[in-house]
Amino acid sequence: MPELPEVETIVRRMRPEIVGTTISGVDLRWERTLATPNWVTFHKNILGQKVDAVNRRAKYIVIQLSADTLIIHLRMSGDILFRPVDAPVEKHDRLLLNLDDKKTLAFNDMRKFGRVWLTPTPNDVLGKLGPEPLDAAFTADDLFKRISAHKRQIKPLLLDQHVIAGLGNIYTDEALHLAGLHPLTKSDTIKRSQAEILWRSIRQVLNEGIQRNGTSIDWIYRGGQYQDYLHVYGRTDEPCFHCGTPIQKIVVGQRGTHFCPKCQKV
DNA sequence: AGAAATACCCGTACGC
DNA sequence: TGCGTACGGGTATTTC
């Protein structure tokens with residue numbers, strides 16, 4: 001199982017040191033990395049632009065250039081590396097950007113899921129994303145309104161980035177366990193009080209993940225320790241820390257889903 | 001319209 | 001040992 005590119009692991013790959021450099025060369029190694037525009041336009045437009053800022057929105061890295069915005073989504077296995085300009089191309093390199101002829105920004109992505117956009121209107125890519133769960137402005141009431149507006153299973157609903165932005169499969173399972181909510185619970189049946197507990201749980205597991213430097217499940221990302229603190233994810237048949245009941249694994253919305261059948265009732 | 005299913009990927013683990 | 005296959009993740013797209 002690969003690493004989860006959650007907020008924390010995204011932040012550590014934002015490479016803020018590129019701010020102030022100018023893009024002087026481009027090498028696209030795998031065409032479909034480019035979500036938009038086409039290669040010719042991308043090449044023509046990005047050359048000569050200066051990097052003004054590096055930010056994050058949900059799981060997207062947002063690089064503000066002089067005229068356009070470069071947006072990168074790492075998906076599962078993507079990484080961003082800062083290398084000397086004469087460093088050799090590595091296996092799984094998808095896009096190389098030369099910065100001032102001294103350094104190269106390499107987008108490396110084994111599974112080819114990651115995508116890059118270059119656009120003058122970043123809102124086209126980011127505009128429909130839901131709120132940041134750790135934003136101080138995001139309240140329990142917001143969450144309650146958003147989940148009760150749908151009649152869906154709570155687990156796939158929480159994974160929907162238009163409803164709330166930033167939760168992946170691992171943290172969703174953990175948050176639902178902490179909140180005592182079964183992953184198949186219909187979202188419109190969740191009471192206001194339960195939504196508040198879920199709101200608190202989401203923020204707790206994300207904050208704990210950040211404190212532990214993210215989750216390293218396998219060989220792709222090795223910097224985190226939160227995998228040692230997971231309560232349900234990857235603990236199939238192991239005893240629930242709360243009640244001792246074996247953790248169950250089912251498939252919900254095509255995703256492996258771990259829960260305690262005693263602590264999380266429908 | 002909204003919800004659910006599918007497509008996109010490949011290194012690894014596992015069964016025979 | 002070697003080969004074939006299932007698996008996992010996030011989101012855009014397609015289907016229901």
Side-chain angles (χ1 to χ4, degrees), chain A residues 1-10 13 29-37 56-62 71-80 90-95 107-117 119 122-130 132-133 145-176 183-190 202 205-206 209 214-222 224 226-227 230 232-237 247 249-258:
Chain A
M1 290 163 282
E3 155 248 342
L4 179 76
E6 274 302 341
V7 169
E8 185 280 337
T9 66
I10 293 165
R13 287 157 162 156
R29 313 290 301 183
W30 195 68
E31 287 187 23
R32 294 177 56 183
T33 295
L34 209 51
T36 189
R56 178 192 68 76
R57 172 71 173 100
K59 303 180 191 177
Y60 296 78
I61 294 171
V62 182
I71 301 174
I72 300 176
H73 198 306
L74 302 173
R75 288 289 222 280
M76 294 314 308
S77 54
D79 200 359
I80 296 182
E90 292 187 15
K91 193 174 184 182
H92 308 311
D93 277 354
R94 306 305 176 194
L95 176 67
F107 175 55
N108 184 284
D109 181 23
M110 185 252 299
R111 284 185 185 154
K112 297 182 175 176
F113 270 22
R115 291 292 180 269
V116 172
W117 296 257
T119 173
N123 208 40
D124 293 350
V125 181
L126 309 173
K128 291 179 178 173
L129 289 167
E132 298 277 339
K145 284 174 186 163
R146 284 178 168 269
I147 63 181
S148 32
H150 298 270
K151 297 181 178 182
R152 295 172 61 182
Q153 298 164 337
I154 187 63
K155 157 119 188 193
L157 188 68
L158 291 178
L159 287 173
D160 187 334
Q161 303 296 301
H162 302 109
V163 175
I164 177 171
L167 282 176
N169 200 41
I170 297 172
Y171 289 97
T172 301
D173 280 3
E174 293 298 316
L176 287 173
L184 296 177
T185 307
K186 288 289 185 181
S187 58
D188 58 324
T189 69
I190 292 173
I202 288 169
V205 297
L206 287 179
T215 308
S216 299
I217 298 295
D218 72 1
W219 68 100
I220 294 173
Y221 166 68
R222 294 182 180 80
Y226 195 54
Q227 68 279 5
L230 298 174
V232 286
Y233 184 88
R235 296 195 63 248
T236 311
D237 297 332
I247 299 301
K249 182 182 178 183
I250 58 175
V251 175
V252 181
Q254 326 301 116
R255 286 286 169 264
T257 298
H258 312 71

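Throughout, protein chains are lettered first and strands after them, A, B, ... in sequence-line order, and every chain is numbered starting at 1. In this text the structure is predicted, and so the values were computed from the model without any measurement.
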Does the side chain of [Y] come within less than 4.5 Å of [X]'s, by heavy atoms?
{"X": "V252(A)", "Y": "P156(A)", "value": "yes"}
{"X": "L167(A)", "Y": "L206(A)", "value": "yes"}
{"X": "L129(A)", "Y": "Y60(A)", "value": "yes"}
{"X": "I164(A)", "Y": "I202(A)", "value": "yes"}
{"X": "R146(A)", "Y": "L157(A)", "value": "no"}

* **Partner set under side chain to side chain contact (heavy atoms under 4.5 Å, CB included) for A149(A), not counting sequence neighbours** =>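 Scan of A149(A) (side chain to side chain contact (heavy atoms under 4.5 Å, CB included), adjacent residues dropped) gives none.
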
* Asked: Partners of T189(A) by side chain to side chain contact (heavy atoms under 4.5 Å, CB included), sequence neighbours excluded?
  ->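 For T189(A), the residues satisfying side chain to side chain contact (heavy atoms under 4.5 Å, CB included) (neighbours in sequence not counted) are T185(A), K186(A).
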
Output the rounded distance in Å from [atom1] ([X]) to [atom2] ([N]).
{"X": "R75(A)", "N": "dT11(C)", "atom1": "CZ", "atom2": "C1'", "result": "4 Å"}
{"X": "R32(A)", "N": "dT13(C)", "atom1": "CZ", "atom2": "C1'", "result": "12 Å"}
{"X": "R115(A)", "N": "dC8(B)", "atom1": "CZ", "atom2": "C1'", "result": "7 Å"}
{"X": "Q227(A)", "N": "dG8(C)", "atom1": "CD", "atom2": "C1'", "result": "16 Å"}
{"X": "D109(A)", "N": "dT11(C)", "atom1": "CG", "atom2": "P", "result": "13 Å"}
{"X": "M76(A)", "N": "dA7(B)", "atom1": "CE", "atom2": "C1'", "result": "16 Å"}
{"X": "N108(A)", "N": "dC10(B)", "atom1": "CG", "atom2": "P", "result": "13 Å"}
{"X": "I10(A)", "N": "dG10(C)", "atom1": "CD1", "atom2": "C1'", "result": "11 Å"}

N or O in side chain of [X] less than 4.0 angstrom from [N] OP1/OP2:
{"X": "K59(A)", "N": "dG10(C)", "answer": "yes"}
{"X": "H92(A)", "N": "dG11(B)", "answer": "yes"}
{"X": "Y233(A)", "N": "dG8(C)", "answer": "no"}

Go through [options] for me and flag the one nearest to the [X] side chain.
{"X": "K249(A)", "options": "dG8(C), dG9(C), dT11(C)", "result": "dG8(C)"}
{"X": "R111(A)", "options": "dG11(B), dG8(C), dC8(B)", "result": "dG8(C)"}
{"X": "M110(A)", "options": "dG9(C), dG11(B), dT11(C)", "result": "dG11(B)"}

* Axis-to-axis angle across the helix from dG2(B)-dC16(C) to dC16(B)-dG2(C), five pairs an end, to 10 degrees? ->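 Angle reported: 60°, given to the nearest ten degrees.
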
* To do: Going 5' to 3' through nucleotides 1-6 of chain B, assign each nucleotide B (protein heavy atom under 4.0 Å from a base atom), S (under 4.0 Å only from sugar-phosphate atoms) or - (no protein heavy atom that close).
  => --SSSB

* Asked: Can F113(A) be said to stack with the base of dC8(B), given centres closer than 5.5 angstrom and planes under 30 degrees apart?
  ->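 Stacking between F113(A) and dC8(B): present.
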
* Find the distance between OG (S77(A)) and CE (M110(A)) and round it off to the nearest 0.5 Å. =>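 That separation rounds to 5.0 Å.
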
* Asked: In chain order, what residues pass the ring pair (Phe, Tyr, Trp, His ring centres under 6.0 Å) check against Y226(A), with sequence neighbours excluded?
  ->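 Ring pair (Phe, Tyr, Trp, His ring centres under 6.0 Å) list for Y226(A), sorted by chain: Y171(A).
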
* Residues that F113(A) engages under ring pair (Phe, Tyr, Trp, His ring centres under 6.0 Å), provided they are two or more places apart ->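 Residues passing ring pair (Phe, Tyr, Trp, His ring centres under 6.0 Å) with F113(A): none at all.
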
